[in-house]
Participant: 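Sharing a structure below in structure tokens format, with a few things to ask.
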Amino acid sequence: MASISVTLPDGSVREIAMGTTALELAGAIGPRLAREALVAEVNGTLTDLTSPLTTDATVTFHTFNSDEGKEVYRHTTAHMLAQAVQRLRPDAKVTIGPAIDEGFYYDFDTEPFVPEDLEAIEAEMRKIAKEDHPTQRSEMSRDEAYALFDGMGETYKREIIDDIPGEETLSVYTQGDFTDLCRGPHAPSTRRIKYLKLTSTGGAYWRGDEANKQLQRIYGTAFEKKGQLDEHLALIEEAERRDHRRLGTQLELYSTHQDLGGGLVLWHPKGALVRHIAEDYWKERHLAGGYDFVCSPHIGRSKLWETSGHLEFFADDMYSPLDIDGQEYYLKPMNCPFHILIYKSRQHSYRELPMRLAELGTVYRYERAGALHGMMRVRGFTQDDAHIFCRPEQMPDEIDRTLGFCLDMLRAFGFTQFELFLSTRPEKAVGDVQQWLDAEDALRAALERTGIPYEVDEGGGAFYGPKIDLNIRDSLNRQWQCSTIQFDFNLPERFDISYIAEDGQQHRPYMVHRALFGSVERFFGVLVEHYAGAFPVWLAPVQAVVLSITDDHREYAEKVRQELADAGIRVEADVRGEKLGYKVREAEMAKTPYMLVVGAREIENEQVAVRTRQGNNLGAMPVAAFIERIQEDIGSKV
RNA sequence: GCUGGCGUAGCUCAGUGGUAGAGCGACUGAUUUGUAAUCAGUUGGUCGGGGGUUCGACUCCUCUCGCCAGCCCCA
């Protein structure tokens, strides 16, 4: 019998009989690998373990520990979901069911699912796992596939087949009583799926297009070990616990009201205080960073939005105009036209550039009702906007400096994990190609210099310029859209802005839009969830609370409060006739960083007994010592 | 916007055609308390809003506003 040689990841080479399956090879390497392997990577292509090896090859095995392994594992689980649904609802039509980041989903054309359905489906899936169906791949011609799925009444599969390029091999996978069109690969048997959970349901349009029929989607996830599933479910629960909408009410940060209208938020004193502290820091850093502050109104004449092109390209996101003395005015969806008018208000010398105009500008955009979400997605929000005008030769440095500035600021707010994206020239674009290339080079160089890996979305830029998007990851490892640095080759033309260069001639400056927090509202919401409402001391609305034990200690408590307030600490005194435990509980729930207990002992020694919101008792210390400690916290932003 | 679900006291929630309830909060009183809830009393609701069906509607129908999940989109 002919033999082939396979190269393994460790570089070793084995001679095996031609036609040996990857699974058999895994078994020969070790029983544990055979048990844990989910899929083989043969010469770089993911392949079913059960398929025979026919040529010399480099073979890698993936277990649940790799992204590829997880994906295959969950994709197989998605098929089991479809299998279970078809057993319970024979008339349900299957569509697609991919693995996604943390799990998988499958879309069905059927009646909406209710939570009880999910339990039944989940139970059926466990049964399917136990039944230990091998997943069998078979390849077939287009006509055979049409016949097969038409016969099953699976009308969506025909559409999918129509979309698969002619040269591609069609494959179907069968596990027991279920067959689905699928590229694969799959885990070798349904029995390999150990711990699964259906997490939610929802509507989804066929092919993501609202003109199409709405399907019923079921989301779920699967893990190999119980601990992993439990951890995942705990994370979901933790996210619910931290939800800024819940904490926003609990901590009296903000509210929304039916009579106020959807997508509009009211900042309450505590929330507004945190916002002000964040904005103060923002202003301080921007001043130091060479930005100039400007302010602009909330509305502007239609002429302005015609010139900027917003009425042409952004009208769907803008509100209907207001009539003022027979003139049409629009609520601003962006700040840029105003900043450009400021730039344009006089001639500029090359010596003045770069000019960085910054504003916390509140903009209004029409968002579809279904898209609104707490503070994260609203209709009126404040952009921490800046527009940078610079000479071409300044541009690379300016981009580099801007990206560094964003990262530095975000780190100060406790974020350490970033996702960076570069979007380049789309097919339909304005401006000179060379300018685009120069700008993309500058963006790329700045990205490189951060040392953080980034993704490139080729052709993903807006028609008016390339951009960097920056997402932050919070403490639950969720991604949030945050900063953006965006070139604009369109507005400078439209507004015909210029500067006088050394040659005495007018030249067009580069213009860059930059938002750092992005939206102050969203950033605040993310902060709340990132810290679970327990803001670091420098941001906490109340940094310390003095707790008296009995009425006898009121006067001293007030004296301590005043002393701290004089030192610039945001402090309150709780001298109500309640028991200490009660006051401690309230302070804990308000997430106040420090509780200062004062009783007879402390009065006698001119001290405070310090307790942190983590429940640590730091013991008694002189007031001055506490002030020193908390000021250190504030200074180091912890 | 679409599909589904929801809207009852400040908050969390019970209440399936017969005239609205609990816990927490708030207020008052008592208690003077040592690190996550002292006790008692009081207060509190055009049952999101409009229209309809009915002898009678929180409950059924309808329109509307808002919220939630998902799709789409996005700061």
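Just so it is clear, the values below take in all heavy atoms, side chains as well, and ignore hydrogens, waters and symmetry mates. Everything numeric here is computed off the predicted structure, so don't read it as measured data. In what follows, chains carry the letters A, B, and so on, assigned in the order in which the sequence lines appear, proteins first and then strands, with residues in each chain numbered from 1.
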Participant: Taking donor-acceptor contacts at under 3.5 Å, does the side chain of A/E111 reach the base of B/G4?
Facilitator: no

Participant: Find the partner of B/G7: check Watson-Crick (N1-N3 plus N6-O4 or O6-N4) and G-U wobble (N1-O2, O6-N3) distances, both under 3.5 Å, and reply none if neither fits.
Facilitator: B/C65

Participant: Ignoring hydrogens and angles, answer whether the base of B/G4 and the side-chain atoms of A/Q214 contain a donor-acceptor pair closer than 3.5 Å.
Facilitator: no

Participant: Ignoring hydrogens and angles, tell me if any N or O in the side chain of A/E159 forms a donor-acceptor pair with the backbone of A/Y156 under 3.5 Å.
Facilitator: no

Participant: What does B/U59 pair with, Watson-Crick or G-U, if both distances are under 3.5 Å?
Facilitator: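 Base partner found: none.
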
Participant: Is there a stack between A/Y582 and B/A36, judged by ring centres under 5.5 Å and planes under 30°?
Facilitator: no

Participant: Looking for any heavy atom pair under 4.0 Å, which part of the strands does A/G262 touch: base, sugar-phosphate only, or nothing?
Facilitator: sugar-phosphate

Participant: Taking NZ, NE, NH1 and NH2 as the nitrogens, is one of them in A/E359 or A/K332 under 4.0 Å from a carboxylate oxygen of the other?
Facilitator: yes

Participant: Given atom CG of A/L618 and atom P of B/U35, what is their separation to the nearest angstrom?
Facilitator: 16 Å

Participant: Answer with base, sugar-phosphate or nothing: what part of the nucleic acid does A/E367 contact at a heavy-atom distance below 4.0 Å?
Facilitator: base

Participant: Please evaluate the base of B/A75 for a donor-acceptor partner in the side chain of A/Q486 within a cut-off of under 3.5 Å?
Facilitator: no

Participant: Could you tell me how far B/G66 sits from B/G49 if I compare only their P atoms? Round to whole Å.
Facilitator: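 These two P atoms come out 15 Å apart once rounded.
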
Participant: With rounding to whole Å, what would you report as the distance between B/A57 and B/A20 at their P atoms?
Facilitator: 13 Å

Participant: Classify A/A369 by what it touches in the nucleic acid, base, sugar-phosphate, or nothing, heavy-atom distance under 4.0 Å.
Facilitator: base

Participant: Distance check needed: B/G10 P versus A/H268 NE2, whole Å only.
Facilitator: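 To the nearest whole Å, that distance equals 14 Å.
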
Participant: Check this for me, if you would: do A/R275 and A/E279 make a salt bridge, where the nitrogen-to-carboxylate-oxygen distance has to be below 4.0 angstrom?
Facilitator: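 A salt bridge links A/R275 with A/E279.
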
Participant: Does any N or O in the side chain of A/H553 come within less than 3.5 Å of the main-chain N or O of A/T550, such that one atom is a donor and the other an acceptor?
Facilitator: yes

Participant: If each of A/R217 and A/L264 is mapped to the nucleotide of RNA chain B with the nearest heavy atom, which maps nearer the 5' terminus, i.e. the 5' end?
Facilitator: A/L264

Participant: How many whole angstroms separate atom CD of A/E210 from atom P of B/G70?
Facilitator: 16 Å

Participant: Would you kindly give the CE-to-P distance between A/M376 and B/C68, to the nearest whole Å?
Facilitator: 12 Å

Participant: For B/G34, give the paired nucleotide (Watson-Crick: N1-N3 plus N6-O4 or O6-N4; G-U: N1-O2 and O6-N3; both under 3.5 Å), or none.
Facilitator: none

Participant: Under 4.0 Å between a Lys/Arg side-chain N and an Asp/Glu carboxylate O for A/R368 and A/E210?
Facilitator: yes

Participant: Which one is paired to B/C47, where only Watson-Crick or G-U wobble pairs with both distances under 3.5 angstrom count?
Facilitator: none

Participant: State whether A/H373 places a side-chain N or O below 4.0 Å from either non-bridging phosphate oxygen (OP1 or OP2) of B/C74.
Facilitator: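 For A/H373, the contact criterion (side-chain N or O under 4.0 Å from OP1 or OP2 of B/C74) is not met.
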
Participant: With both distances under 3.5 angstrom, what nucleotide forms a Watson-Crick or G-U wobble pair with B/G70?
Facilitator: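 WC or wobble partner is B/C2.
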
Participant: Should B/C13 form a Watson-Crick or G-U wobble pair with both distances under 3.5 Å, which nucleotide is its partner?
Facilitator: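 Result: B/G21.
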
Participant: Remember a base hit wins even if backbone is also touched, and classify A/R245 as base, sugar-phosphate or nothing at under 4.0 Å, heavy atoms.
Facilitator: sugar-phosphate

Participant: I'd like to know if A/E586 pairs up with A/R576 as an ion pair, taking the criterion as any Lys NZ or Arg NE/NH1/NH2 lying under 4.0 Å from an Asp or Glu carboxylate oxygen.
Facilitator: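 Judged by the 4.0 Å cut-off on N to carboxylate O distance, A/E586 and A/R576 do form a salt bridge.
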
Participant: Please tell me which of the listed nucleotides, B/A75, B/U35, B/G1, lies nearest to the side chain of A/V584?
Facilitator: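 For the A/V584 side chain, the nearest candidate turns out to be B/U35.
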
Participant: Between A/V610 and A/G263, which has a closest nucleotide on RNA chain B that is more 5'?
Facilitator: A/V610

Participant: Report which part of the nucleic acid A/G599 touches: base, sugar-phosphate, or nothing (heavy-atom distance under 4.0 Å, all strands).
Facilitator: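 Result for A/G599 = base.
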
Participant: If I take atom OH in residue A/Y219 and atom C1' in nucleotide B/C68, what distance separates them, rounded to the nearest angstrom?
Facilitator: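 Whole-Å distance recorded here is 15 Å.
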
Participant: May I ask which nucleotide in the shown strands pairs with B/G41, Watson-Crick or G-U wobble, both distances under 3.5 Å?
Facilitator: B/C27

Participant: Establish, with yes or no, whether the OP1 or OP2 oxygen of B/C71 is under 4.0 angstrom from a side-chain nitrogen or oxygen of A/R368.
Facilitator: no

Participant: Any base atoms under 4.0 Å from A/V378, or only sugar-phosphate, or nothing? Heavy atoms, all strands.
Facilitator: base

Participant: Got a donor-acceptor pair under 3.5 Å from the side chain of A/R207 to the base of B/C72?
Facilitator: no

